[in-house]
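Keep in mind the model is a prediction, meaning the values are calculated, not measured. Chain letters run A, B, ... following the sequence lines, proteins first, then strands; residues in each count from 1.
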Amino acid sequence: MEIEFTDTEFMICNAARLLEDNKTIFVGWGVPQVVAILAEKLYTPNIVQVFEFGAIGPQSRTPFLRGTMGGPSNTYRSLQWCSMNLAFSYAQVGYIDYGMLGAAQIDRYGNINSTMIGDDYSRPKVRFPGSGGGNEVASYCWKTIIVMAHEKRRFVERCDFITSPGHRMDGKTREEVGLPAETGPFRVITSKGMFGFDEETKELKLIGVLKGLTVDDVLDDMGIKPLVADEVVELSPPTPQELKTLREEIDPYGLIISKGAKFKVEL
Amino acid sequence: MEIEFTDTEFMICNAARLLEDNKTIFVGWGVPQVVAILAEKLYTPNIVQVFEFGAIGPQSRTPFLRGTMGGPSNTYRSLQWCSMNLAFSYAQVGYIDYGMLGAAQIDRYGNINSTMIGDDYSRPKVRFPGSGGGNEVASYCWKTIIVMAHEKRRFVERCDFITSPGHRMDGKTREEVGLPAETGPFRVITSKGMFGFDEETKELKLIGVLKGLTVDDVLDDMGIKPLVADEVVELSPPTPQELKTLREEIDPYGLIISKGAKFKVEL
Amino acid sequence: MEDYIEILQRGEADIHFVHPDEFRKFVRDKKNRGLEDKLMDVKEAVKKYVKNGDYLAYDFSSLTRGPQSLIREIIRQRKKNLWVLAKFTLLETVLLAGAGCVDKIDVGFLGFGPYIARKVQEGAVKVYDYSNGSVTYRLVAGAMGIPFMPARDLLGTDTMKHSGGIVVRDPFSKIPVALFPALNPDVSVIHVQEADIYGNARVYGPTVATLETAMASKRVIISAERIVETIEFREHPNWTTVPYYCVDAVVHAPFGAYPGGTQGYYEMDSDHYLKLTSIKTEEEMQKYLEEYIYSVDSHEEFLEKRVGVKRLRELIQNSQILEGYR
Amino acid sequence: MEDYIEILQRGEADIHFVHPDEFRKFVRDKKNRGLEDKLMDVKEAVKKYVKNGDYLAYDFSSLTRGPQSLIREIIRQRKKNLWVLAKFTLLETVLLAGAGCVDKIDVGFLGFGPYIARKVQEGAVKVYDYSNGSVTYRLVAGAMGIPFMPARDLLGTDTMKHSGGIVVRDPFSKIPVALFPALNPDVSVIHVQEADIYGNARVYGPTVATLETAMASKRVIISAERIVETIEFREHPNWTTVPYYCVDAVVHAPFGAYPGGTQGYYEMDSDHYLKLTSIKTEEEMQKYLEEYIYSVDSHEEFLEKRVGVKRLRELIQNSQILEGYR
């Protein structure tokens, strides 16, 4: 049997499998929302979503509606509606276990760029929306998961602009710059594989590749050479149940999941 | 006709006459509450009470009940119930016009002691409850009114302990120590008279005495010699309407108003 | 023991900073603690309270409970040289930049799409980067009357370098900590579900920074889906989001968040939203502004001639989750 | 430009200060983000979560919505060497000191009457003076995970000298400003109107520092007049005061604030209150403690044998203002 799915579907499913039940997760707009809802439906029924605009523990309605960030659908039956200051305070004081972020660029230490491409801040080659709440997620949450399309140009030695912190910034550790101890990027999930960070050096380390791809397939598509784990695991493609849940329940209009290249794998 | 009243009744009426309508007033427990309610009933129907525990603009029920600080009676039909942090923030950012405080001791510059008597902080001769929210009221409100029994020992050159700030503290101005500009004690209302503060030197200045008393009657009962205004006005004793409102509507059990010496004045 | 705190880093941004005592005096002299009828037409509110060169803040998003009718009126009145706080924003900055109202943007989230990106790339608007959290802390400090808020975000990043924050060594724990200067906008525009004529305002759903923004701003315009009697606030004082004395003008604006939604009233108009997000060129932008803002005289005319009763009814129909919003 | 911030003054107090990272790790490892049934008997809750030598905080007053049954249980279990935060308190410190539970008190408001005054005069308890505002700011900082809060109170006073605050020159405005160190109590006890078995809690009426206290504390015991189903919170998420993940134990305690009142349930018992405030001597105190605390086994026995159904019914009858509390 052959199974067909998009890059985004693979990333979403892979991320959803990473989460733990009975934990809090700081959720941004789009992919992270869909990840959290998929996880809630299939793997971690008691995961608690936290939104920066001030919603704690909603039982988000499906289908996912693009327009409802902060609206009735994705904040449905929350345990608390509150302020942004309070939502971030929960995270800053340590109550939020996971955070999930996208990135335009990532570097060897998991620093993220979502601000600009170029070397002149006042005249960027490409300007992105900036941090949003991303910096707080990356700074405060215990474990940050980064989800991004696997493209060569996105992996760089040093981000053009560090929007949100990784494990080392220009040689300094998180603790040295004052960030909360024992936090930082936990996994990077791309459309081709999954990375962790070396315990000691804190460098990006390939730990899994999508079934059907080789380690070299993944490495060839990167602007930097990451560490490679002694044992690189095979990452399962989306299961039929995951795809059914995504396509029929969560995102039937394909607002999120239809993005990215199509991929086929023999099951 | 002769009118009889207590020290406390006189102070309350005199304070109530000082307030302006359409202003906010930070109200502490006891006398200030009764002042605000009397003012609301007779003089300033739109005065807005603010309580430190988090109530803004209540239409306090009468009779005054000792036990209801924060309860249904004195927070009745508030415009907002909120946190202490928010109540103090309103004051710190400048929204609160008046504050009203009691004091165990006061000095020449309007500094207040509500902490202790003695010269050894660790072994006070007499210990009082301390600041409560008094320091914030005296620090943040635009005009602070101090209400206190007129006793010789309460007027001192330097408070044994400065709990809440006056106009000068050990030679330093409010601005020099960092307090908000253009704030500070506005009036001191005692059971015998009323004081302001000299525009220039910021020293305590007698500006009014209760009808039936002389300036010397008031000055003799003070441990310091205050300035005396060129024209010291005569302060009316409580009017029959004020007393009726106090005794029949606001405090029929005499929980607050019955305190202090009795006084008689020929009308 | 040291008698100083080490400053480890200084952000480079120009900051809009109002001395706490200056802001206090403004509050004392210009904000009315009396219960004054502040209900007025949107035209009058924007004319009176939004000035060229102002620092402008607004609350919540383009999708939900955003002050869209007030933003459109600001554009219609062709306000100039604004410095805008873009927190949790998608399209407000895009429109304001398209209309030439904006010079500078403090960025939590810049806004969406290639149009605003190009404005920055070309240098047509100057940006200062923060994050949604750090700009919110700036508002919290402004609302509390303190000169700054400490926080542990932006540390180690280029965002910090380009922000208005500084990093110091905390005297208590000795860790580096960021200090973000208070922000007191000249004017803020906020949309809520319910307000009374005095400015008491109630938000249902996530409150974002509604109260902090209102408390911190010199002038505040509230637009509301419904104007209710004051007794509605007094009966449930726990639900009051903003007290009247922070507010300067109250505008009755049904569908005030359109094309976004307002919880309990109507859903967003996805078609109109897509029309907006697909704007790429200057020509498309000017065409949109002309059609939907300049060529209509008011929010009411906009609703009537550019949206229509049928569409509005559909958006109301789409809003079927009322739980928690009443 | 200076590369330092001048420290102008340092308060002398010993402070209970937990490094923000230490508190974060405690939250990560000991607070459960799962929905766990935390309903337990008051005895068990106090036994498990209040330890000798703890820093103890509580919220609201002896008159209204105070955690009186929890305080009595702490006394009954003869906890020792507590360091207590006395904010907006009248009688809690008096009783705790009378029972020999307390060594140190951080004073917002020390408590009422000659008994506690004498304990301080004799040096039996050590006090550190603050104000209700500054101790609240300490809790706010503790709740936000930042090492301190800036504020403009205590400046120029002897209170500042004896507090744990410091005064620095603000780097933005150049005015002197106080910094108050974060406070993260070991344990806090809080009484509310409604909670679910997971610890979600709802307060009607002024909220004082309920949420900040709960967020900032390592361990939190909530007592509630009513235990309600979780759906009650989900239907009105704006009304949730404390989310479950801050809370360790939930105690069902009708009349938990007695002799104080709880809004919407019962008024305070003025006679019992006067009995308490009239305590002057050590003998009177020990007699009170024996009669009302030591000699009864539980809150239920206290209500039954020392208060009585008739009195409780009167207190319910006296509570006739329900508006805003439902």
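Counting heavy-atom pairs under 4.5 Å between each of C:Val177, C:Thr93, C:Leu154, C:Ile175 and chain A puts C:Leu154 at the top. Heavy-atom pairs under 4.5 Å with chain A were tallied for C:Gly260, C:Ala117, C:Ser319; the largest tally goes to C:Ala117. Heavy-atom pairs under 4.5 Å with chain C were tallied for A:Gly130, A:Ala55, A:Ala138, A:Ser83; the largest tally goes to A:Ser83. Among C:His162, C:Lys87, C:Glu323, C:Gln263, the residue making the largest number of heavy-atom pairs under 4.5 Å with chain A is C:His162. Options A:Glu136, A:Arg61, A:Met116, A:Glu175 differ in how many heavy-atom pairs under 4.5 Å they form with chain C, and the most are formed by A:Glu136. Between chain C and the options A:Ser114, A:Gly54, A:Pro124, the largest number of non-hydrogen pairs under 4.5 Å is found for A:Pro124. Of the listed residues (C:Leu8, C:Thr136, C:Asp129, C:Val107), the one with the most heavy-atom contacts under 4.5 Å to chain A is C:Asp129. Between chain C and the options A:Gly132, A:Gly178, A:Ser78, the largest number of non-hydrogen pairs under 4.5 Å is found for A:Gly132. Between chain A and the options C:Pro206, C:Ser131, C:Ser173, the largest number of non-hydrogen pairs under 4.5 Å is found for C:Pro206. In terms of heavy-atom pairs under 4.5 angstrom with chain A, the leader among C:Gly261, C:Gly324, C:Ala209 is C:Gly324. Of all the listed residues (A:Asn111, A:Val126, A:Thr115), the one sharing the greatest number of non-hydrogen pairs under 4.5 Å with chain C is A:Val126.
Side chain of A:Gln33 to backbone of A:Gly30: a donor-acceptor contact under 3.5 angstrom is found. Under a 3.5 Å cut-off, the side chain of A:Asn113 and the backbone N or O of A:Ile162 do not form any donor-acceptor pair.
When all heavy atoms are compared, the tightest approach of C:Ser62 to C:Thr89 is OG-C, 4.2 Å. Scanning both residues, A:Asp251 and A:Ile256, for their nearest heavy atoms gives OD2-N, 2.7 Å. Smallest separation of non-hydrogen atoms from A:Pro185 and A:Tyr109: CG-O, 4.3 Å.
The aromatic rings of C:Phe88 and A:Phe53 lie perpendicular to each other, with more than 60° between the two planes, well past the 30° mark. Ring planes of A:Phe88 and A:Phe26: parallel class, angle under 30° (limits at 30 and 60°). Note on ring orientation: taking the six-membered ring where Trp is involved, the planes of C:Trp239 and C:Tyr204 are perpendicular (angle over 60°, cut-offs 30° and 60°).
Contact of C:Tyr137 with chain A is made through the side chain alone, with heavy-atom distances under 4.5 Å. Proximity to chain C (any heavy atom under 4.5 Å) is restricted, for A:Asp170, to the side chain, taken from C-beta onward. Within the 4.5 angstrom heavy-atom criterion, atoms from both the backbone and the side chain of A:Thr163 approach chain C. Heavy atoms of C:Val203 lying under 4.5 Å from chain A are absent altogether. Contact of C:Lys126 with chain A is not made at all, since no heavy-atom distance falls under 4.5 Å. In this structure, chain A has heavy atoms under 4.5 Å from both the backbone and the side chain of C:Val120. Neither the backbone nor the side chain of C:Gln9 has a heavy atom closer than 4.5 Å to any heavy atom of chain A. For C:Ala86, no part lies under 4.5 angstrom from a heavy atom of chain A. In this structure, chain C has no heavy atom under 4.5 Å from any part of A:Phe51. Residue A:Arg168 does not touch chain C at all, counting heavy-atom pairs closer than 4.5 Å. Only the backbone of A:Ser164 comes within contact range of chain C, with at least one heavy atom under 4.5 Å from a heavy atom of that chain. With a 4.5 Å cut-off on non-hydrogen atoms, A:Ser139 touches chain C through its side chain but not through its backbone. Residue C:Lys161 touches chain A through its side chain alone, counting heavy-atom pairs closer than 4.5 Å. Interface remark: A:Tyr140 contributes side-chain atoms only to the contact with chain C (heavy atom separation under 4.5 Å). For A:Glu176, the part sitting under 4.5 Å from any heavy atom of chain C is the backbone (N, CA, C, O) and nothing else.
Between A:Ile25 and A:Met100, the closest side-chain pair of non-hydrogen atoms falls below 4.5 Å. A:Tyr121 has its side chain within reach of C:Val127: a pair of non-hydrogen atoms, C-beta onward, lies under 4.5 Å apart. The shortest distance between side-chain heavy atoms of A:Leu227 and A:Thr201 falls below 4.5 Å.
Ring-centre distance between C:Trp83 and C:Tyr128: below the 6.0 Å cut-off.
For C:Arg326 and C:Tyr265, the positive end sits near the middle of the six-membered ring, less than 6.0 Å away and at most 45° from its axis.
By the 4.0 Å N-to-carboxylate-O rule, A:Asp160 lies too far from A:Lys125 to be salt-bridged with it. Ionic pairing of C:Asp158 and A:Arg158 is present here: one or more N-O contacts between side-chain nitrogen and carboxylate oxygen are shorter than 4.0 angstrom.
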